[in-house]
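Read the structure below first, then the notes.
Just so it is clear: chains get the letters A, B, ... in the order the sequence lines come, proteins before strands, and each one is counted from 1.
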Amino acid sequence: MNASEIQAWSQLNTSSQLLWVSDAILVMCAVAGLVAAIYHFRTKLSDGQAGGLVHRAPIFFMYCAGGALSLWTYHRWIEVNHFPSQTMNEVLTMFTLALVLSMIVLHHALGLQRRGPGWAVLDDVLMIIIAGSALYTHVHVRGLVTAQRDLPPALQSYWFPPHLAALIFSYATLFIAGVMCCVYFCTRFWTGVFRGGYSFKSQVLVLLGLTIIPFAHLFTLPILLITSLVFMGLAVAKKLPEVEAMRRLEKELDDVSFRAFAVGMPFLTAGLWMGAFWAQEAWANYWGWDSKENTALISWLIYVVYIHLRLLGGYRGEKAMAVLMGGALSIFITFQIFGYLPDSQKSLHRYTDDGVVPSEGLSLDDQQASAPPQPVAEPKNENENEPEKK
Amino acid sequence: MQPDNSQPAGNGAAPQEAPRQESPSERKPFKWRFLSSSAVILFVTVVGEFVGRTSGGLGGALTFWEGGSLQLWMVRLFFLCAAGWAWTSRAVLKRFFRSMYTGVSLVALSTIAVIVGVLVPQIDGFEDPKQRITAANYDEQYKQFQWAEGYFLYHIRHLYGIGMPEADISQQALDGIDEYRKAYSNEEGDNVEKRMKLAFSGSQKTAEIRTLLLGQDPDAVVSGVARRLTDAATTSDAAFTGTALPAYLDQLRGNLRAFRSRYHRSLGDHWRKRLEGAETEPFLAGEDRIGLLAESVEGNLRTFLNENQAAFGSGAAASVVPAALELVREHDYFGRDASMRGFFHTATALQLNRAYKSAWFATLLGLLGVAIAMNTFVGAPRTWVSARRAGFFVTHIGMLTMLIGGAVSKVSTQRGILHLDLELEPQNEFLLHFDRNQATELPFHVGLDRFARKEWVQVQVEFPKKGFRTKPPTYTLWEGKEIDLDYTDDGKRPQTKLVVKELHDRARVDVSMREAEDPNGPGIFGAAVQFDIDEPTDGDGRREYPIAKVPGFRPELIDTAWGFRLQTAYGEYDPKELLATLPGENAPFASLYVLNDSAGQTQPKPIEIAVGGDYETEDGYKIAVREAVPNFVMSPDTGGPVKDPRPIAEQAPANPAVWIEITHPSGGTPERRLVRQNVDAQSVGLQSGYTFSELMTWLVWDTWSAPGPPHYFLHWGPETEPVLMDAAGNVTPVRAGEPLPLVTADGQPTSTRVVPTEFHRRAVLENETEFLPAHEVAKGGIDEDFYAQESRGMVLEVISNPGTAEESVETVEMISDDPIAERWRSKDGELELLFFQNTALLPFEWRSVLSIYEEGPDGLVQVDAGTERQREIRVNDYFKWKGYRFFQTNASADFPTYSGIGVVYDPGIPIVLIGMYTIILGTVLAFIVRPIVLAHRKKGKTA
């Protein structure tokens, strides 16, 4: 926040002010998480043994951030006069609210702090990562156009809030599940580097998985970097984890990430098929093989593979966690990278893009093929091979 | 797919149960693994694709009672054998499908299939199962494919935006935005800046994608060669630098460009011929072409150097030619066109670009369905709904139902569009897949009773004295909406605040006019005449209304029935002087407003045009007017304009249009463009498709000067009594209260009666706004206000210096679509508001009311299909009749009476929806209810 922005604080509408407030809380949450992590690591104390302020501060700030962002939703709703999920700016802020809410849900549902001292550290680390992700998203959000946009006719439906809310919540939860797996793989990689105990082949495989997949970098690289710093610190303090401990962690983390997945999956399923119910009402077409629908289906199918592998194939540990990360990547692509996909230009789901007028049930070809639009029949360009400028 | 039936796998599965009825040699059955089961699935998928292609789909093969070709009978025989084999080896099949490996492979391969469909652009109209790439649609289809895939590849090559163009906004523009921030708030200003950046980088990106796909324009080569030639020249002789050199460079540029487009065209021809199955010669690769090009360029260059030896001396060729040829050789003329076309062809051959409608995809989903069915009904039925398994069971039943519904949809869906118009009779023919060649009959007729489009109401806020170059912002309004404006210099406090207090769907302005009592009193604006008009309506009825005309300001009264045209004139002179103002024989009939975006123009310049005329814009574009029609109507059958056989003068200008040809200042092929008065090419998205998209054009038809019905003048003066004069100069005295003796071109009295009620010499206006109450919505009725299409009203509070001691509030009533009441200007003239219905945006909503007709002995008879509300369709609310669903799909701002209705017949819909609901239920049971119940039981046991 630079000087002129502080000066213009009074100019900000309530929702923008709340976003800054939530940022401040998230920073406090991350700091409290860091303090708690160090405390839990040093004292080897977990829930039940230590009920102090340090122990409870991170989740307290998470609740506060959730409150601030919920207020944001309320005020933004008033400011734009509809459920605030019409622009990417609004959708992403809803997403950070969902991240915070799922972190709160998972904190209680997974009961990480009750599992033991190491687990309490993991819980704190997750809090830091989630607060950091939310902060990063807010920075990105401020670079987007913030203007109010009217709901086009197709979005004026009772399906709009539940479809969006269910999907965004599931995205947040499944994202957290993916982050857990990512933390595991990074920790495992550095354990291997510092203490050995893993085959060279598997180390290379993990490193490649963390570094060569496009778009995954946004999450894998920062986590890889942070864990490397932590490990260097641990190496100096001579407190590097045992390989045996890592193997135990693998089993337990597999279980924990599965639980996180189990919270998100019903919402993902409901959100996906609610979209089909809505499409049925708006376009009498429950499934139009639209790019967005397809990418959402891909994410769902990846999780279907995951659950079958895990429950029937008995795949546990690293293999299952890798699939879970694949699901999170697919969700990220559906949510943010979608606009680059080949057919996304034709999609009916481009409401969040600025400057794009969605074609409202009419794909471009329909407009050209059916009466009554333009009758000019002559070729308009001497070079017919040129693509149309869009 | 139960653990106890699957292969031992990983580290937690149950041991394999040996199938009892199998022979001893098979006691150690084959162990399915991912690779083996995937291979089998892929094989079956390939077979499915093959069968689908030979039989035209499964439906063709199964309808054996309809006979068929030998090929089809072979397919049926194959099916019979396959079924027989499946029955005899059912145990093997059961083991295959119940293997975890098979199940996961099926889901994974289905996922990959969907991914393929996402990464390979799907052909236009792939929803139509009959749609294929043909030589006829190849160009159009490839163009779309190429753009979509190029767009994707471009972004993959620029991960995280690395190397993408960045907007560079000038300091001047930034300073402008700072002023703008002060007027409209920081947020508005930030948004303007962000949008400028997006627009700028967007157009740069488009250009880069074009280069990636089609190579670069060879202009860079030409300028490089030009530089080398000028460097080598020993003279600055005007004849050489002024004529000979530019002529050569033009020739070179022409050659290179022709070379480039010839390459792309012949590449297209090559692939189109292959699609037709014609013999093709081997395609000459780009490198070989460049060799030939370089030879020809070299020849030309040497000739040029020889001819201009005086300018270069003899040794120049040795240095210039190799350098120039290197430039020519190293340029990218081709882009990725060749590989992209090859990819397109492969994708077409493998049906990857209509993946979701292909036989292989259907086979894959079919196998998935079989696998789900074989794994769902496992074990004793009573265990299916146990707490442990209910979630699993219900989810899989849901999946199965959904796939069955999808299969029903696949074989029975009809989807298309029904073009209805308020002015047309009920229709029973709709176009399948929006295709004019696939007209299909409904078993009944559908009529359009009502149709309307309702807009968002907005206010445009302008600070006319600040002279912003950007368009003033508009704000959508609702009751309670607040807009802060005009911030203090420190940016802390708005000096003006707008608060919307009331919004009304129906409002009107009652204007009363009277003669001023005091000739020097306030509010006098001059002469005026009030009329009562009685005119025929489109139906059989008539309509009466009052209207006022002010000589000198919008003085014309144009008959809507197109029987006469009247102009009012005031002044102390002989009315015969007015005859000189009548338009001559070939007078311009319209104004064409032209604005060149790229040249930084801000105000459109009018050009008065006539058919056959040639004109030139300020910056050199030549415009030839080819044809003009006052009433442009498009045929729903041909898509072409319907020619009205009547002479132009007899056609009321309801939808005027002209065809113009635009030639670029630098020459070249002209662009033929249709310009319509009622269509703003920019807001409907046509502008970007024009060749000269930088040149914007608007048409304003001159209803007075264009050919039309007889002209009249109504003249009076301070001392002169009113008279009516026709175009021949015949003068008739008229009196207030008596109809004007107007006659049409053929001498008949006009069908519209015009009665001047009062002539004013010093008129005073009294404006009264009136908000009409909303219509009551009756039970089963519809919201009449939506269809009323009346002016909208607003009560607005304009608060000056809010929150300070000097706070003052002014309450303003504004009415849209009224030239006076839609505007409000503050007393100091700083702030100007426009209250309007924004037609440039997507509307608030479209609605249509349909009616159903059956054929009776005496023609069509309307059927009772429910109340108007039940027959009303909106974007999220369709109407269903006899299995056909009708939904609001298409509308056009140019044709306000037209409504495009989507038609869907699909008995699979309810099955699929039930399936989806079941899946959600199953997931909730499996992931939420199951753990709770199990935890509860565990607690019970331990307690």
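Contact annotation: the side chain of B/Ile919 approaches that of A/Trp300 to within less than 4.5 Å [non-hydrogen atoms, C-beta and beyond]. Two residues are said to be in side-chain contact when any heavy atoms from C-beta on lie closer than 4.5 Å; B/Asn876 and A/Tyr158 fail this criterion. Between A/Leu309 and B/Met100 there is a side-chain heavy-atom pair separated by less than 4.5 Å. Residues B/Tyr917 and A/Trp273 have side chains not in contact (no heavy-atom distance under 4.5 Å, counting atoms from C-beta outward). With a 4.5 Å cut-off on side-chain heavy atoms, B/Tyr487 and A/Gln11 count as touching. Using a 4.5 Å cut-off on side-chain heavy atoms (C-beta onward), B/Glu127 and A/Trp289 make no contact. In this structure, A/Trp287 and B/Val912 have side chains that are not in contact, with every pair of non-hydrogen atoms separated by 4.5 Å or more. Using a 4.5 Å heavy-atom cutoff, the side chains of A/Ile307 and B/Phe927 are in contact.
Highest contact tally toward chain B, considering only A/Ala270, A/Ser16, A/Ser291, is held by A/Ala270 [criterion: heavy-atom pairs under 4.5 Å]. In terms of heavy-atom pairs under 4.5 angstrom with chain B, the leader among A/Trp159, A/Trp278, A/Phe267 is A/Trp278. Between chain A and the options B/Glu188, B/Glu187, B/Arg885, heavy-atom pairs under 4.5 Å are most frequent for B/Glu187. When the candidates A/Ile298, A/Asp150, A/Leu297 are compared by the number of heavy-atom contacts under 4.5 Å with chain B, A/Asp150 comes out ahead. Chain B forms more heavy-atom pairs under 4.5 Å with one residue of A/Leu301, A/Val80, A/Ile78, A/Val304 than with any other, namely A/Leu301. Contact tally against chain B (heavy-atom pairs below 4.5 Å) for A/Leu218, A/Ile302, A/Leu144: the top residue is A/Leu144.
Across all their heavy atoms, B/Tyr160 and A/Pro214 have their closest contact at OH-C, 3.9 Å. Residues A/Pro342 and B/Pro121 share a closest heavy-atom pair of CB-CG, 3.7 Å. Annotation for A/Glu79 and B/Lys481: closest pair O-NZ, 4.4 Å, computed over non-hydrogen atoms. Nearest heavy atoms, B/Ala108 versus A/Val305: N-CG2, 4.0 Å. Residue A/Ala282 comes nearest to B/Phe887 through the heavy atom pair O-CD1, 3.6 Å, listed as atom of the first residue, atom of the second, then distance.
Atom NZ of A/Lys319 is surrounded by 12 or fewer heavy atoms from other residues, nucleotides or ligands within 6.0 Å. Around atom CZ of B/Phe886, more than 12 heavy atoms belonging to other residues, nucleotides or ligands sit under 6.0 Å away.
Heavy atoms closer than 4.5 Å to chain A are found in both the backbone and the side chain of B/Val118. For B/Ile115, the parts lying near chain A are the backbone and the side chain together; criterion is any non-hydrogen pair under 4.5 Å. For a residue to count as touching a neighbouring chain, one of its non-hydrogen atoms must lie under 4.5 Å from one of that chain's; by this rule B/Leu477 does not touch chain A. Proximity to chain A is limited to the side chain of B/Ile156, based on heavy atoms less than 4.5 angstrom apart. When heavy atoms are compared at a cutoff of 4.5 Å, B/Ile909 approaches chain A by way of both its backbone and its side chain. Neither the backbone nor the side chain of A/Ser330 comes within contact range of chain B, judged by heavy atoms closer than 4.5 Å. Proximity to chain A is limited to the backbone of B/Val120, based on heavy atoms less than 4.5 angstrom apart. In this structure, no portion of A/Val263 lies under 4.5 Å from any heavy atom of chain B. With a threshold of 4.5 angstrom between heavy atoms, A/Leu272 does not approach chain B through any atom at all. Contacts of A/Asn285 with chain B are made by both backbone and side-chain atoms, with heavy-atom separations under 4.5 Å. At a 4.5 Å heavy-atom cutoff, B/Ile112 makes no contact with chain A through either its backbone or its side chain. For a residue to count as touching a neighbouring chain, one of its non-hydrogen atoms must lie under 4.5 Å from one of that chain's; by this rule A/Gln156 touches chain B with backbone and side chain alike. Contacts of B/Asp484 with chain A are absent, with no heavy-atom separation under 4.5 Å from either backbone or side chain. Within the 4.5 angstrom heavy-atom criterion, no atom of B/Glu479 approaches chain A.
Atom OH of B/Tyr151 and atom OH of A/Tyr340 lie 7.5 Å apart (nearest 0.5 Å). Atom-to-atom distance recorded for A/Asp343:CG and B/Gln144:CD is 9.0 Å, nearest 0.5 angstrom. Distance check: A/Arg142 CZ to B/Asp190 CG gives 11.5 Å after rounding to the nearest 0.5 Å. For the atom pair NE2 (B/His155) and CG (A/Leu341), the distance works out to 10.5 Å, reported to the nearest 0.5 Å. Put simply, CD1 on A/Ile337 and CZ on B/Phe152 are 10.5 Å apart, with the number rounded to the nearest 0.5 Å. The line from CG of B/Asp906 to CD of A/Gln280 is 7.5 Å long, rounded to the nearest 0.5 Å.
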For A/Val145 and B/Arg195: C-alpha separation, side-chain torsions, deciding distance, then whether side chain to side chain contact (heavy atoms under 4.5 Å, CB included) applies. CA-CA 7 Å; A/Val145 174; B/Arg195 287 204 186 101; 3.5 Å; yes
Could you walk me through whether A/Asn294 and B/Gln122 pass the side chain to side chain contact (heavy atoms under 4.5 Å, CB included) check? CA-CA 12 Å; A/Asn294 289 341; B/Gln122 300 294 291; over 6 Å; no
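Side chain of B/Arg415 to backbone of A/Ala284: a donor-acceptor contact under 3.5 angstrom is found. Of the possible donor and acceptor atoms, one in the side chain of B/Asn191 sits under 3.5 Å from a partner among the backbone N and O of A/Thr146.
Side chains of A/Gln148 and B/Tyr475: no donor on one and acceptor on the other come within 3.5 Å.
Scanning for side chain to side chain donor-acceptor pair (under 3.5 Å) contacts around A/Asn81 gives an empty result, with sequence neighbours left out. Contacts of A/Phe215 classified as ring-ring contact (aromatic ring centres under 6.0 Å, His included), with partners at least two apart in sequence or in another chain: none.
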